[in-house]
Student: 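Mind having a look at this structure? Questions to follow.
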Amino acid sequence: MAVFTIADLHLSLGTNKPMDVFKGWHNYTERIKENWTRAVSDEDTVVVSGDISWAMRLKDTDADFSFINNLPGKKIFIKGNHDYWWDTKSKMDRYLAEKGWSTISILHNNCFTADGIAICGSRGWFYDAESDEDKRILMREVGRLNTSVELAKATDLEPIVFLHYPPIYGNAECEEILNVLIDSGIKRCFYGHVHGSGARYAFEGEKYGIQFKLISADYLKFDPIRVI
């Protein structure tokens, strides 16, 4: 009953926006399927930390969600900046149920438990939010992260945070998100969003007593990693 994670699948099986045009993304859908099937069993859980499908509307996700649902394990979705199909949790839950995609769940103002850990998180937001609108969005994400973390802590299991946006990038930090992690005593944080050459500025390792790890699909060679 292990927990795995990966972010930024950027699937486009139902839309015309394949990622193969970018360096390192050749045959990425096939590579995801092969690596996932090899590593993950039906009893395992995979946290998919944002940028899951290029679909613009929930009803356009069918091909991508069916592909994911048919992969081994239970899947937990977190919103990414390109998940334009994202809707209210109740609508998404209802849509998943109507389609029979029973292996997929939504992480949004809630938490999940698996393999002795509490899975919590949110999308996060830009570390350099300056406009009034960006600041409003950031504070909403801070609230959602706080809610998720508090629910996770109530389980008496170790809360592990999964974000889409990096809380640290190069010399920049998203202070508001980091404060939640630090004040809540979070020890491990996984994040995505960063691709290609941008990974050189991604922070991995320990800071503020927290271990940070980049999990973008291309950075992981499209191979989900186990959360140990």
Student: With distance as the sole criterion, is a donor-acceptor pair present between the side chains of Y95 and D62 under 3.5 Å?
Tutor: yes

Student: In Å and rounded to the nearest 0.5 Å, what is the CZ to CD1 distance from F190 to I78?
Tutor: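 F190 CZ to I78 CD1: 11.5 Å, rounded to 0.5 Å.
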
Student: Is it true that V194 and I210 fall in one hydrophobic cluster, defined by side-chain heavy atoms closer than 4.5 Å?
Tutor: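 Result: yes, single cluster for both.
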
Student: Does D218 use its side chain to pair, donor to acceptor, with the backbone of G196 at less than 3.5 Å?
Tutor: yes

Student: Can you tell if the side chain of F112 reaches within under 4.5 Å of the side chain of S105, non-hydrogen atoms only?
Tutor: yes

Student: Could you tell me whether the side chains of S216 and D8 share a donor-acceptor contact shorter than 3.5 Å?
Tutor: yes

Student: Are a donor atom and an acceptor atom from the side chains of D93 and S90 found within less than 3.5 Å of each other?
Tutor: no

Student: Taking it one step at a time, do K75 and W36 satisfy side chain to side chain contact (heavy atoms under 4.5 Å, CB included)?
Tutor: CA-CA 12 Å; K75 300 89 183 179; W36 189 308; 3.8 Å; yes

Student: Does N171 CG have over 12 foreign heavy atoms under 6.0 Å away?
Tutor: no

Student: Does the D83 side chain pair with the main chain of G80, one donor and one acceptor, at a distance under 3.5 Å?
Tutor: yes

Student: Output, in order, the C-alpha distance, side-chain angles, deciding distance and verdict of side chain to side chain contact (heavy atoms under 4.5 Å, CB included) for L138 and I177.
Tutor: CA-CA 8 Å; L138 172 58; I177 295 292; 4.1 Å; yes

Student: For K153 and P159, indicate whether the former's side chain and the latter's backbone hold a donor-acceptor pair under 3.5 Å.
Tutor: no

Student: Between T113 and I119, is the side chain to side chain contact (heavy atoms under 4.5 Å, CB included) condition met? List the steps.
Tutor: CA-CA 6 Å; T113 60; I119 297 164; over 6 Å; no

Student: Could you tell me whether the side chain of T5 and the main chain of V47 form a donor-acceptor pair under 3.5 Å?
Tutor: yes

Student: Membership question, hydrophobic clusters at under 4.5 Å side-chain separation (ILVMFWY): are F4 and M1 in the same one?
Tutor: no

Student: Is the backbone N or O of G73 less than 3.5 Å from a side-chain atom of D44, with the two atoms forming a donor-acceptor pair by type?
Tutor: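 No, the answer is negative, given that no donor and acceptor are paired below the 3.5 Å cut-off.
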
Student: Would you say NZ of K89 has more than 12 non-hydrogen atoms from neighbouring residues, nucleotides or ligands within 6.0 angstrom?
Tutor: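 More than 12 within 6.0 Å, yes.
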
Student: Output yes when a side-chain donor or acceptor of E204 lies under 3.5 Å from a complementary backbone atom of L214, and no otherwise.
Tutor: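 Confirmed, E204 side chain pairs with L214 backbone.
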
Student: Verify the neighbour count for atom CD of Q211: are there more than 12 heavy atoms of other residues, nucleotides or ligands below 6.0 Å?
Tutor: yes

Student: Hey, what do you get for NZ (K207) to CG (L181), rounding to the nearest 0.5 Å?
Tutor: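 Going from NZ on K207 over to CG on L181, the span is 13.0 Å.
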
Student: Which word best sums up how the rings of Y165 and H193 line up, parallel for under 30°, tilted for 30 to 60°, or perpendicular for over 60°?
Tutor: tilted

Student: Is any side-chain heavy atom of R38 less than 4.5 Å from a side-chain heavy atom of D223?
Tutor: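 The answer is yes, as the side chains (C-beta and beyond) meet within the 4.5 Å cut-off.
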
Student: Is the side chain of T147 donor-acceptor paired with the backbone N or O of G143 at a distance under 3.5 Å, no angle test?
Tutor: yes

Student: Do you know which two heavy atoms are closest between Y219 and A199, and how far apart they sit?
Tutor: CD1-CB, 3.8 Å

Student: Could you check whether any side-chain heavy atom of N35 comes within less than 4.5 Å of a side-chain heavy atom of I6, counting everything from C-beta outward?
Tutor: no

Student: Can we call the ring centroids of F65 and W85 under 6.0 Å apart?
Tutor: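 Yes, they do, as the ring centres are separated by less than 6.0 Å.
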
Student: Return the CH2 to CG distance between W125 and D134, rounded to the nearest 0.5 Å.
Tutor: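 With rounding to 0.5 Å, CH2 (W125) is 6.0 Å from CG (D134).
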
Student: Taking side chain as C-beta onward, heavy atoms only, is W25 less than 4.5 Å from H195?
Tutor: yes

Student: Can you confirm whether E141 sits close enough to V180 that some side-chain heavy atom of one is under 4.5 Å from a side-chain heavy atom of the other?
Tutor: no

Student: Taking atom CZ of R57 as the centre, report whether more than 12 heavy atoms of other residues, nucleotides or ligands fall under 6.0 Å from it.
Tutor: no

Student: Which atom names give the shortest non-hydrogen contact between G24 and R31, and what distance separates them?
Tutor: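 Smallest heavy-atom distance, with atoms named: O-NH1, 3.0 Å.
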
Student: At their closest point, which heavy atom of L220 faces which heavy atom of I215, and how far apart are they?
Tutor: CD1-O, 3.5 Å

Student: So does D51 get a backbone contact from the side chain of N81, meaning a donor-acceptor N/O pair under 3.5 Å?
Tutor: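 Not confirmed, N81 side chain does not pair with D51 backbone.
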
Student: Just by modelled atom types, is the A63 backbone N or O under 3.5 Å from a matching donor or acceptor in the S66 side chain?
Tutor: no

Student: Going through the distances and angles, do D115 and R226 end up as a side chain to side chain contact (heavy atoms under 4.5 Å, CB included)?
Tutor: CA-CA 11 Å; D115 195 29; R226 184 172 178 181; 4.0 Å; yes

Student: Side-chain contact, heavy-atom cut-off 4.5 Å: K79 with H108?
Tutor: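 No - every pair of side-chain heavy atoms lies 4.5 Å or more apart.
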
Student: What's the separation between atom NE2 in H82 and atom OH in Y84, rounded to the nearest 0.5 Å?
Tutor: 5.0 Å

Student: For G100 and N69, which heavy atoms make the closest approach, and how far apart are they?
Tutor: O-ND2, 4.2 Å

Student: State, with a plain yes or no, whether a side-chain heavy atom of W86 is found less than 4.5 Å away from one of I106.
Tutor: yes

Student: Determine whether L157 and L145 fall in the same hydrophobic cluster, where Ile, Leu, Val, Met, Phe, Trp and Tyr are linked whenever their side-chain heavy atoms lie under 4.5 Å apart.
Tutor: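 The answer is no; the residues belong to distinct hydrophobic clusters.
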
Student: In terms of hydrophobic clustering (I, L, V, M, F, W, Y; side-chain heavy atoms under 4.5 Å; direct or indirect links), are V161 and I228 co-clustered?
Tutor: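 Not linked; separate clusters.
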
Student: Roughly how far apart are M139 CE and N146 CG, rounded to 0.5 Å?
Tutor: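 Here the interatomic distance stands at 8.5 Å.
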
Student: Kindly compute the distance separating SG (C111) from CD1 (I160), expressed to the nearest 0.5 Å.
Tutor: 12.5 Å

Student: Please report the closest heavy-atom contact between P167 and F212, naming both atoms and the distance.
Tutor: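 Looking at all heavy atoms of both residues, the shortest contact is CG-CE2, 3.6 Å.
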
Student: Are L151 and I117 connected in a single hydrophobic cluster, I mean Ile/Leu/Val/Met/Phe/Trp/Tyr linked by side-chain heavy atoms less than 4.5 Å apart?
Tutor: no

Student: Just checking, any donor-acceptor pair under 3.5 angstrom between side chains of K74 and T45?
Tutor: no

Student: Closest heavy-atom contact between G121 and L107?
Tutor: N-CD2, 3.8 Å

Student: Going by heavy atoms in the side chains, are P166 and F203 under 4.5 Å from each other?
Tutor: no

Student: Using a distance-only test with no angle check, is there a side-chain donor-acceptor pair under 3.5 angstrom linking Y28 and H26?
Tutor: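 Distance-only check fails for Y28 and H26.
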
Student: Count the heavy atoms belonging to other residues, nucleotides or ligands that lie under 6.0 Å from CD of E158, then report whether that count exceeds 12.
Tutor: yes

Student: Quick one: does any side-chain atom of S49 pair with a main-chain N or O of L163 as donor and acceptor, under 3.5 Å?
Tutor: yes

